[in-house]
Amino acid sequence: MAAPDELPALDLAEPTPSATPDAGESSSPEASSPASQTFGGPAITNARGAYQARITVVDGVVTDVQAVVAGTSAAESVAINATAIPELRTRVLEAQTWDVEAVSGASFTSPAFIESLEAAFAEAGL
Amino acid sequence: MTQAPLRTTVHAMAMPFVIELEGADPAEAEPAIAAFHAALVWADELFSLWKDDSYLSHHLRGELTLDEAPAELREVLEACEWYREATGGGFDARRKDGVIDPTGLVKGWAVARASRHLRAARARDWMVGASGDVLVAGGRTRRIGIANPRVSGDPTGTAVIDVIELGGAFTAVATSGGAQVVDHIWDPVTGEVARHYLQVSVAGTDLADADAWATAIAGGGPAVVGRALERGLEVMVVTGERHDGTFDAQSSPGWPSVR
């Protein structure tokens, strides 16, 4: 796994000294500078390529999250990252009682079949 | 004139299949449902890997060539290979031990095929609830719920996380993954149990197709979603559960949610 400082794409510059620095931040190269700080996460590699995130923190609040490295440059990976993923709409869903005529869910076994199976086991003395 | 819908449940492949017919010819409905049921039972005799004497079991033991088996066996095994190609390997019926297990395709295929018999009932509208997959036909639209991934067993009557409309541009929805059967879908690339999503739902116009793609996305993850969208299918994936019991999900632009 590459250390963050080995990745050329990582840009830790451009602090914007506009507020009081938070002395508590020490993990960044900019720890001694002011309120807006960036923190690069480690590069994580999975089957679809390397991923690395960078966050910007202002006064202890995360103000930005960026993907410094997202996926490999393999054609398919780029196509997926460029087209498929942004098209999806992110939603937070809560289970609620709605008026519906049927429900789609993962396949399930008939209660009757389970009952019958249990009866068969009982019959077999198991 | 208005007649209560005829609703009945038949069992095959250890699963329940609910049939709802509206405006059916009473004399034709019963034989149509019997033919539907018989087609499912027959598919089970053909494809069950739980039964040692199914055609597929015989074939896999080398006791029966594809030429000797009913043509549908070849049809489904070839369809498995077609979907492996189309999904970029997301749907792969070859198990690690080399056995071809078309189970991910069989239910949707069998229901789509058996449903032809329901046309004989001359129903104005009808719906099949196939153990979590739903197929509709006719003129009117229906509101269909998407199950809470944590609900086990029959989700009918339970609180749902989304509602879609079937009967217009989309007539079939299939859902894969979730709480029902633990660890039954594997990732064809890694060979490990698939953990990409809590649940995958696919809406389309063909139940066998929607079912195959739902299985493929559950097994192959985000890369397969793009391929499904290219084919005009609409997809909703449940990516995670929060501490407050809500779910993080992603849906494609045309996902027919009416929530």
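The chains referred to below are lettered A, B, ... by the order of the sequence lines, with proteins before strands, and numbering in each begins at 1.
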Tell me, side chain or backbone of [X] under 4.5 Å from chain A's heavy atoms, or both, or neither?
X	answer
Met13(B)	neither
Ala174(B)	backbone
Ser257(B)	side chain
Ser252(B)	both
Val160(B)	both

Looking at [options], which one has more heavy-atom pairs under 4.5 Å with chain A than the rest?
options	result
Arg142(B), Lys107(B), Met127(B), Arg259(B)	Arg259(B)
Ala147(B), Gly129(B), Gly132(B)	Gly132(B)
Asp244(B), Val163(B), Thr156(B)	Val163(B)
Gly245(B), Ser201(B), Ala159(B), Gly157(B)	Ala159(B)

*Rounded distance [0.5 Å steps], OH in Tyr197(B) versus CD1 in Ile217(B)*: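 Answer rounded to 0.5 Å: 7.5 Å.
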_Check: Trp255(B)/Asp162(B) side-chain N/O donor and acceptor closer than 3.5 Å_ =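 Yes.
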*How close do Leu207(B) and Val134(B) get, heavy atom to heavy atom, and via which atoms?*
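So the two residues come closest at CD1-O, 3.8 Å.
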*asked:* Check this for me: does any side-chain nitrogen of one of Lys51(B) and Asp44(B) sit under 4.0 Å from a carboxylate oxygen of the other?
replied: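 Answer for the salt bridge query: yes.
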*With respect to chain B, which residue among Val100(A), Thr90(A), Leu93(A), Thr97(A) yields the maximal number of heavy-atom pairs within a distance under 4.5 Å?*
Leu93(A)
*Indicate yes or no: at least one non-hydrogen side-chain atom of Thr175(B) is less than 4.5 angstrom from one of Val200(B).*
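No - every pair of side-chain heavy atoms lies 4.5 Å or more apart.
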*Can you find a heavy atom in the side chain of Phe108(A) that is under 4.5 Å from one in the side chain of Ser152(B)?*
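The answer is no, as the side chains (C-beta and beyond) never meet within the 4.5 Å cut-off.
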*Run the ring-ring contact (aromatic ring centres under 6.0 Å, His included) check on Trp109(B) and Phe47(B) step by step: do they pass?*
CA-CA 11 Å; Trp109(B) 175 86; Phe47(B) 291 106; 5.5 Å; yes
